[in-house]
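First comes the structure, then the notes that go with it.
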Amino acid sequence: MSKLSNTIESFIKILLEKSKNYEIKIQRNEIAKKFKCAPSQINYVLNTRFSYNKGYLIESKRGGGGHIKIKRVSYQSKDNLNRIIIEQIGESIKYNEAIILIQYLNEIKIIDDINLNLIKVILNERTLKRSTNKNKLRADILKAMIISLIK
């Protein structure tokens, strides 16, 4: 199933890149027919690969002629990006959520591969093992790093 999910994800990303404003409307059933899979497989890809914390907004219109609109989130300025990311991190963040966020920042070229790997090591469970509240400490560290990297 992973290979099919990767293929569907790539297909949708190509459609987004070809669009003028990184926004597309798709019909779940049509995509499912194209890839010979159940519509629920399309839902799975959208939910796991095109979430807000990966830089996408999803709108779904149900009923006759219904569609799913996928839009790549664009940040107007680095200050705006900083504010949005800090809000998204919140008071605490789990390791997997932090990794998704920093991988997205790497994908959009906000942080490079070296910083990506460094942040992963700093935020992992072993590094924070002595903390009584790992998720809060992780959030505080991640916010400080994001603020210093996005200038």
Side-chain angles (χ1 to χ4, degrees), residues 1-128 134-135 138-139 141-143 145-147 149-150:
M1 180 149 58
S2 176
K3 187 174 181 175
L4 178 59
S5 295
N6 292 342
T7 304
I8 295 168
E9 175 187 14
S10 295
F11 174 77
I12 293 172
K13 284 184 175 180
I14 289 168
L15 291 177
L16 281 163
E17 287 174 17
K18 288 181 179 178
S19 73
K20 292 179 184 174
N21 56 354
Y22 288 99
E23 182 177 317
I24 59 170
K25 288 182 184 178
I26 61 170
Q27 292 190 318
R28 183 179 47 235
N29 290 336
E30 294 299 317
I31 302 291
K33 273 187 211 174
K34 178 176 180 57
F35 290 100
K36 297 179 176 112
C37 65
S40 61
Q41 180 70 33
I42 306 305
N43 285 345
Y44 170 79
V45 171
L46 293 174
N47 291 332
T48 59
R49 315 274 176 105
F50 293 92
S51 61
Y52 181 76
N53 59 350
K54 291 187 179 183
Y56 298 93
L57 292 175
I58 305 285
E59 287 179 29
S60 180
K61 181 180 178 237
R62 303 208 182 269
H67 62 270
I68 298 170
K69 183 164 57 169
I70 305 168
K71 183 175 184 178
R72 178 85 176 196
V73 177
S74 68
Y75 303 103
Q76 303 302 321
S77 69
K78 290 193 177 188
D79 288 338
N80 190 30
L81 175 62
N82 241 342
R83 182 184 54 76
I84 290 168
I85 291 172
I86 299 304
E87 286 175 10
Q88 189 175 355
I89 294 169
E91 291 301 311
S92 74
I93 191 167
K94 295 177 182 174
Y95 179 73
N96 291 339
E97 295 168 346
I99 295 306
I100 289 169
L101 177 63
I102 62 173
Q103 285 175 334
Y104 168 67
L105 293 174
N106 178 257
E107 184 180 314
I108 64 170
K109 309 281 188 249
I110 297 294
I111 62 173
D112 60 22
D113 291 342
I114 293 170
N115 284 314
L116 171 71
N117 292 324
L118 181 61
I119 295 169
K120 282 181 180 180
V121 169
I122 291 169
L123 298 180
N124 77 32
E125 294 295 318
R126 284 187 309 237
T127 304
L128 303 178
K134 293 177 192 171
N135 293 340
R138 185 177 292 115
I141 292 169
L142 185 55
K143 286 178 198 176
M145 295 181 86
I146 296 295
I147 289 169
L149 291 172
I150 303 176

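Below, each value reflects all heavy atoms present in this structure, side chains not excepted, and no hydrogens, waters or symmetry copies. Owing to the predicted nature of the structure, the values given are computational and were not obtained by experimental measurement. Along the sequence shown, residues are numbered consecutively beginning with 1.
- Between Tyr56 and Lys71, the closest side-chain pair of non-hydrogen atoms is not below 4.5 Å.
- Under the 4.5 Å side-chain criterion, counting only non-hydrogen atoms from C-beta, Lys143 is in contact with Glu91.
- A 4.5 Å side-chain heavy-atom check between Lys13 and Tyr22 finds every atom pair outside the cut-off.
- For Asn124 and Thr127, the side-chain atoms include at least one donor-acceptor pair closer than 3.5 Å.
- When all heavy atoms are compared, the tightest approach of Leu4 to Cys37 is CD2-CB, 3.7 Å.
- The ring pair (Phe, Tyr, Trp, His ring centres under 6.0 Å) search around Phe35 returns Phe11, not counting sequence neighbours.
- Closest non-hydrogen pair, Asn106 versus Asp112, comes out as ND2-C, 3.3 Å.
- Under the rule for a salt bridge (Lys or Arg N to Asp or Glu O under 4.0 Å), Glu17 has no partner lying at least two apart in sequence or in another chain.
- Under the salt bridge (Lys or Arg N to Asp or Glu O under 4.0 Å) criterion, Glu59 pairs with Lys69, not counting sequence neighbours.
- Using a 4.0 Å cut-off between charged nitrogen and carboxylate oxygen, Arg83 and Glu87 count as a salt-bridge pair.
- Between Ala139 and Ser92 the shortest heavy-atom distance is CB-CA, 3.6 Å.
- Ion pairing between a basic and an acidic side chain is recognised when a charged N comes within 4.0 Å of a carboxylate O; Glu107 and Arg72 show such pairing.
- Residues Ile31 and Gln27 have side chains not in contact (no heavy-atom distance under 4.5 Å, counting atoms from C-beta outward).
- Counting heavy atoms from C-beta on, the side chains of Ile58 and Ile68 come closer than 4.5 Å.
- Minimum heavy-atom separation, Tyr95 to Glu125: CB-OE2, 3.9 Å.
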